[in-house]
Trainee: 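Let me begin by handing over the structure; questions about it come next.
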Amino acid sequence: MKKPSKELEQWISAAADMADSASTIINQPLHVLFGEAVDVARFFDRYWKPEADERGKIVRPGLESAVGKVGKGKQKPAGAVGRIHAKTGDEILSLQRATQEAHTRYLLTINPKGEDPAARGRFLLNELTAVLEWYFDDGVEDEKDAQLARVDAAHADDPQTADALASALDDYAHLAEPHRDELHGLGGFESGHIDEAHAIAAALRDKPASVAALAGPARSAIDLRNRLAGMLLDRMNAVRAAARFVFRNHPEIAREATSAYERRKRAAARRAKAKGAAAPEVPAAPLPVG
């Protein structure tokens with residue numbers, strides 16, 4: 001395996017300095033975290049400085065107002081959002097790239113061929129949920145809608161684990177199976193995805209279930225990835241907290257910094273509850289293997 005990039009190397013020492021108990025809880029897929037990191041960084045750059053009219057009057061505040069000052073031009077942390085500074089957006093993008101690289105290096109330690117069943121599993125899960133929602137949405141509330149609502153509710157708060165993804169693949173594939181012929185070709189959906197979902201679920205269950213089950217380079221690699229992911233999310237959350245505070249009178253702007261993934265999860269849970277299928281409570285868990 002080639003040496004880490006300079007970008008990854010610059011964060012390794014900071015990750016190593018993190019206390020073991022300081023790991024951030026991450027309950028979203030890595031590909032979602034990486035995509036939202038770019039969105040948050042863009043938001044930060046767009047709204048760091050305030051906006052003024054032609055007379056110099058501030059018409060929209062900037063995130064920099066959340067950073068307190070002491071003495072002559074010197075800044076100090078202000079409240080819970082003191083971690084943001086002028087370069088936070090750049091740090092988020094840098095950490096996003098470093099975490100992506102660390103994740104790839106981890107995958108290569110457990111699978112030198114570079115195959116990632118989790119990535120294929122997420123694709124198949126997206127295909128299954130999309131086609132089922134479209135096919136069942138016929139304007140009539142019936143047992144099919146209730147079945148989909150129950151499955152949605154059961155997986156609304158799934159942690160990011162191989163076992164959770166495998167369970168979701170099996171559940172949605174079982175739901176799709178009786179409608180295989182009708183679903184094939186609908187919006188480009190391939191009925192073979194149903195069988196493949198079961199196969200990928202089995203492959204995911206064959207992966208190590210926890211960091212403790214790994215050894216040597218793989219364990220070190222996933223520990224580094226998880227620490228970097230935690231550092232990334234910490235900075236994203238700091239920006240989001242600052243946005244809620246600074247733009248408390250501009251809710252449309254504050255909403256731009258929120259997680260679309262979390263909003264969709266909450267919306268799915270509300271839909272399931274409205275259809276009489278209350279979502280079970282699933283405790284949060286630190287970013288796991290896979």
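Basis for what follows: all heavy atoms, side chains included, without hydrogens, waters or symmetry-related copies.
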Trainee: Checking one residue: Val59. Which other hydrophobic residues are in its cluster under the side-chain 4.5 Å linking rule?
Mentor: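 Reading the cluster by chain and number, Val59 sits alone, since nothing else belongs.
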Trainee: In Å, rounded to the nearest 0.5 Å, how long is the span from CG of Leu228 to CZ of Arg97?
Mentor: 13.0 Å
Trainee: Using a 4.5 Å cut-off on heavy atoms from C-beta on, say whether the side chain of Ile253 contacts that of Arg60.
Mentor: yes
Trainee: Between Ile194 and Ala173, what is the shortest heavy-atom contact and its length?
Mentor: CG2-O, 3.6 Å
Trainee: To the nearest 0.5 Å, what is the distance between CG (Asp17) and CD1 (Ile12)?
Mentor: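 Separation between the atoms: 12.0 Å.
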Trainee: Assess whether side chain to side chain contact (heavy atoms under 4.5 Å, CB included) is satisfied between Asp142 and Phe136, documenting all intermediate values.
Mentor: CA-CA 9 Å; Asp142 53 20; Phe136 288 171; over 6 Å; no
Trainee: Mind checking the OG-NZ spacing from Ser94 to Lys6? Nearest 0.5 Å is all I need.
Mentor: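 Result: 13.5 Å between the selected atoms.
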Trainee: Please check: side-chain N/O of Thr99 versus main-chain N/O of Leu95, any donor-acceptor pairing under 3.5 Å?
Mentor: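 At least one qualifying donor-acceptor pair exists.
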Trainee: Is the shortest heavy-atom distance from the side chain of Phe44 to the side chain of Leu63 under 4.5 Å?
Mentor: yes
Trainee: Can you tell me how far CD1 of Ile58 sits from CG of Asp53, rounded to the nearest 0.5 angstrom?
Mentor: 8.5 Å
Trainee: Determine, step by step, whether Ser259 and Met236 satisfy the side chain to side chain contact (heavy atoms under 4.5 Å, CB included) criterion, reporting the C-alpha distance in whole Å, the side-chain angles of both residues, the deciding distance to 0.1 Å, and the verdict.
Mentor: CA-CA 10 Å; Ser259 169; Met236 292 167 62; over 6 Å; no
Trainee: Please work out which of the three classes, parallel, tilted or perpendicular, describes the rings of Phe247 and His250, given edges at 30° and 60°.
Mentor: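 Perpendicular, since the angle between the ring planes exceeds 60°.
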Trainee: Quick one: do Ile84 and Val38 end up in the same hydrophobic cluster if we chain Ile, Leu, Val, Met, Phe, Trp and Tyr together by side-chain heavy atoms under 4.5 Å apart?
Mentor: no
Trainee: Would you indicate whether the side-chain heavy atoms of His174 and His198 approach each other to under 4.5 Å?
Mentor: yes
Trainee: Checking Leu128 against Phe123 for the side chain to side chain contact (heavy atoms under 4.5 Å, CB included) test, could you report, in this order, the C-alpha distance in whole Å, the side-chain angles of both residues, the deciding distance, and whether it holds?
Mentor: CA-CA 9 Å; Leu128 286 164; Phe123 167 77; over 6 Å; no
Trainee: List for me each residue that meets side chain to side chain donor-acceptor pair (under 3.5 Å) alongside Lys49, sequence neighbours excluded, and say none if there are none.
Mentor: Glu64
Trainee: So do Glu91 and Trp11 actually touch side chain to side chain, heavy atoms under 4.5 Å?
Mentor: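 Yes - at least one pair of side-chain heavy atoms lies under 4.5 Å apart.
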Trainee: Less than 4.0 angstrom from a charged side-chain N to a carboxylate O is my criterion; do Glu51 and Lys57 meet it?
Mentor: no
Trainee: Using 0.5 Å steps for rounding, measure from the OG atom of Ser191 to the CG atom of Asp181.
Mentor: 7.5 Å
Trainee: If you apply the rule side chain to side chain contact (heavy atoms under 4.5 Å, CB included), what do you find for Arg105 with Leu8, and how did you get there?
Mentor: CA-CA 11 Å; Arg105 295 176 70 84; Leu8 176 55; 3.8 Å; yes
Trainee: Quick one: list whatever passes side chain to side chain donor-acceptor pair (under 3.5 Å) with Arg263, sequence neighbours left out.
Mentor: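 Thr258.
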Trainee: For Arg42, does the CZ atom sit with more than 12 other heavy atoms under 6.0 Å from it, leaving out its own atoms?
Mentor: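 Count not over threshold, so no.
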Trainee: Under a single-linkage rule joining Ile, Leu, Val, Met, Phe, Trp and Tyr whose side-chain heavy atoms are separated by less than 4.5 Å, which residues share a cluster with Val32?
Mentor: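 The other cluster members (ILVMFWY side chains, heavy atoms under 4.5 Å, direct or chained) are Tyr261.
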Trainee: So which heavy atom on Arg225 is nearest to which on Ala102, and how close?
Mentor: CA-CB, 4.0 Å
Trainee: How long is the span from the OH atom in Tyr172 to the CG atom in Leu125, to the nearest 0.5 Å?
Mentor: 6.5 Å
Trainee: Can you see which heavy atom on Ile200 is nearest to which on Gly121, and at what distance?
Mentor: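 Scanning both residues completely, I find the closest heavy atoms to be CG2-CA, 3.7 Å.
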Trainee: Can you tell me which residue pairs pass the side-chain hydrogen bond (donor to acceptor under 3.5 Å, both in side chains) test with a partner in residues 240-249, sequence neighbours excluded?
Mentor: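 Counting only pairs at least two positions apart or across chains, the side-chain hydrogen bond (donor to acceptor under 3.5 Å, both in side chains) contacts touching residues 240-249 are Glu36-Arg240.
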Trainee: Do Leu204 and Asp163 touch side chain to side chain, with heavy atoms closer than 4.5 Å?
Mentor: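 Of all side-chain heavy-atom pairs linking Asp163 with Leu204, none is under 4.5 Å.
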Trainee: If only atom types and distance count, is the side chain of Ser65 paired as donor or acceptor with the main-chain N or O of Gly62 below 3.5 Å?
Mentor: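 Yes, because the side chain of Ser65 sits within donor-acceptor range (under 3.5 Å) of the backbone of Gly62.
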Trainee: Write down the atom of Ala201, the atom of Asp170, and the distance for their closest heavy-atom approach.
Mentor: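 Distance-wise, the nearest heavy atoms are CB-OD1, 3.6 Å.
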Trainee: Taking all heavy atoms of Ala254 and all of Ala243, pick out the closest pair and write down the distance.
Mentor: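 Looks like CB-O, 3.9 Å.
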Trainee: Do Thr88 and Trp48 come close enough that some side-chain heavy atom pair is under 4.5 Å?
Mentor: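 Side-chain contact under 4.5 Å: no.
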Trainee: Less than 6.0 angstrom separating the ring centers of Phe189 and His184, yes or no?
Mentor: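 Judged by ring-centre distance (under 6.0 Å), Phe189 and His184 do not meet the cut-off.
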Trainee: Would you name the heavy atoms of Ala257 and Val40 that are closest together and state the gap between them?
Mentor: O-CG2, 4.3 Å
Trainee: Before accepting this row, confirm whether a basic side-chain N of the pair Asp223/Arg227 lies closer than 4.0 Å to the acidic partner's carboxylate O.
Mentor: yes
Trainee: Indicate, with yes or no, if Leu93 and Leu232 share a hydrophobic cluster defined by side-chain heavy-atom contacts under 4.5 Å among Ile, Leu, Val, Met, Phe, Trp and Tyr.
Mentor: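 They do not share one cluster, since no chain of ILVMFWY contacts under 4.5 Å joins Leu232 to Leu93.
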Trainee: The test is salt bridge (Lys or Arg N to Asp or Glu O under 4.0 Å); show your working for Arg150 and Asp145 and say whether it passes.
Mentor: CA-CA 9 Å; Arg150 286 194 289 270; Asp145 295 284; over 6 Å; no
Trainee: Side chains of Leu165 and Asp158: closer than 4.5 Å at any heavy-atom pair?
Mentor: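 A side-chain contact under 4.5 Å is absent here.
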Trainee: Side chains of Asn226 and Ile222: closer than 4.5 Å at any heavy-atom pair?
Mentor: yes
Trainee: In terms of hydrophobic clusters joined by side-chain contacts under 4.5 Å, are Leu124 and Leu186 together?
Mentor: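 Yes; Leu186 is reachable from Leu124 via cluster members.
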Trainee: Salt bridge between Asp195 and Arg180, side-chain N to carboxylate O under 4.0 Å?
Mentor: yes
Trainee: The criterion is side chain to side chain donor-acceptor pair (under 3.5 Å); which residues satisfy it with Asp171, sequence neighbours excluded?
Mentor: His155
